[in-house]
Protein chains: 2
Amino acid sequence: MLTIGQLAARAGVTVRAVRHYHQRGLLAEPERDASGYRRYTAQAVVDLIRIKTLADAGVPLARIDQLLGAEPEEFAQAVADIDRALAKKARELNRHRRRIAALAAGDRLFISDEMAQILDRQRAMNFSEQMIRIERDVLIIIEALSPESIPAVVATKNAALDDPEFVRVYHALDEAIDWDPRDPRLPALAADVAAWAAGRPQEDAISADTVSLMLSRSLEFSPAWRRLLQLQ
Amino acid sequence: MLTIGQLAARAGVTVRAVRHYHQRGLLAEPERDASGYRRYTAQAVVDLIRIKTLADAGVPLARIDQLLGAEPEEFAQAVADIDRALAKKARELNRHRRRIAALAAGDRLFISDEMAQILDRQRAMNFSEQMIRIERDVLIIIEALSPESIPAVVATKNAALDDPEFVRVYHALDEAIDWDPRDPRLPALAADVAAWAAGRPQEDAISADTVSLMLSRSLEFSPAWRRLLQLQ
DNA sequence: GTTGACACTGACGCAGGGTCAGGGTCGCAC
DNA sequence: GTGCGACCCTGACCCTGCGTCAGTGTCAAC
């Protein structure tokens, strides 16, 4: 006759696990001795090893319960099911690993390489870190809400950065971030921006919803920009 | 300003998840409006997307907390850690899948192929299903507690099944399973078994502990066998 | 003023146990 | 006979990442 500790050691599980299996009804509760200790026979060792074998194979305890008494056909069916579930899990895990592997430092964490290159270009052009953070956040929003428009956005943005006039206007906007909303220079800047925008075709690649979110993200930061928008 | 439902929809998570992130301190609690509803800015969308990106990559929430504010070096280190953890999980999963794939119907579930073949041989020799179940349980115990002795056991057992004298004695034991322990034929059977055993070398491949467990498993089943052992 | 969709908090549930807390028992040594 | 360490008992809370009630309040529209 074995105590619970001996049984557990023989099957290679913990005492706690054995009690857990009792509670789940997987393993029959054995007789108790005079002091209330559980006393096990060799049969329990066999039963426990069968449970452990299935559990080690990744079968959920609820399934093990049904499987232990199952007929071969039923059993084969269940094994196939479980394998499907495991295969799915494995695919998930691999997706996760690929994503983790793709994670680099800094900005590149949440946006694609092409997007990150845009930020790098802007850094090289001496835009402020504040401006670049806003840009990054906007790109994050685009990646999340409008992934299909990424190529268009990347192309448009790169073209814009090739355009000295855009760069000039953008630098002016950058400088205006911290201005007081009553700053007298704002109306002139608004006119400047409007003049530049007038020469550009409208982009339709992104939904109005996404645009409004991007806009509000930008405007949260700068009271001066909010004023600018009113001046348009 | 967004409600929790709008925020959740924009980031592609559930409302419940957002509240959970608040509770975990991952996402800052926003201002409430007059009725106590949470009101979010676009910043929250960005923050939530960052959280979701990491969570989708399989980073535990507790880790995300530390990562969101981490410096690039720290971050790279953590990413490496997480990838190691994921790789380990993936290996585990694959082990599970291999084991599951190896699971066939019936007896073969818990014992190796070679072991299962022994049971098949015994079935072909018309041993009772009761006897075969006991044998199976004994083999399960051996696989679990003495895996290193499996080849020796398989060899010995196959040799024994090749020996007509052993098969005769074993059939006699099989028939005796259900006998009353006071059955008058038992002493003769005991002598028969003893005579056969005397001609055999003792196997030392299996520890005394395992042997005693196997023996008790066998004896649990049959009072007549218990009597036989006393008669030795 | 009623309806349906949303919001709020709080609590329980899941898998598979780990880890106390607060006892009782066993076996051996002195 | 008693002291000690190693077991055993039950019960209850802890972990992850939310899902899913329950019971109540609020918003917007008809």
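Fair warning: this is a prediction, and the values are worked out from it, not measured in the lab. Lettering of chains follows the sequences in order, A, B, ..., and the numbering in each one begins at 1.
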Should A:R123 and A:E129 be marked as a salt bridge (Lys or Arg N to Asp or Glu O under 4.0 Å) after you check the CA-CA gap, both sets of side-chain angles, and the distance that decides it? CA-CA 8 Å; A:R123 266 202 198 84; A:E129 273 304 316; 3.0 Å; yes
On a plain distance test, is the side chain of A:R16 in donor-acceptor contact with the base of C:dT19 below 3.5 Å?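 Check passes, donor-acceptor contact within cut-off.
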Using only side-chain N and O atoms of [X], determine if any of them is under 4.0 Å from OP1 or OP2 of [N].
{"X": "A:R38", "N": "D:dT10", "answer": "yes"}
{"X": "B:T14", "N": "D:dG19", "answer": "yes"}
{"X": "A:R32", "N": "D:dT10", "answer": "yes"}
{"X": "A:S35", "N": "C:dC26", "answer": "yes"}
{"X": "B:T3", "N": "C:dC6", "answer": "no"}
{"X": "A:Y21", "N": "C:dG16", "answer": "no"}

Do the side chain of [X] and the main chain of [Y] share a donor and acceptor less than 3.5 angstrom apart?
{"X": "B:Q6", "Y": "B:T3", "result": "yes"}
{"X": "A:S149", "Y": "A:A152", "result": "no"}
{"X": "A:W179", "Y": "A:S222", "result": "no"}

Counting any heavy atom closer than 4.0 Å, what does A:R24 reach on the DNA or RNA strands: base, sugar-phosphate only, or nothing?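 It contacts sugar-phosphate atoms only.
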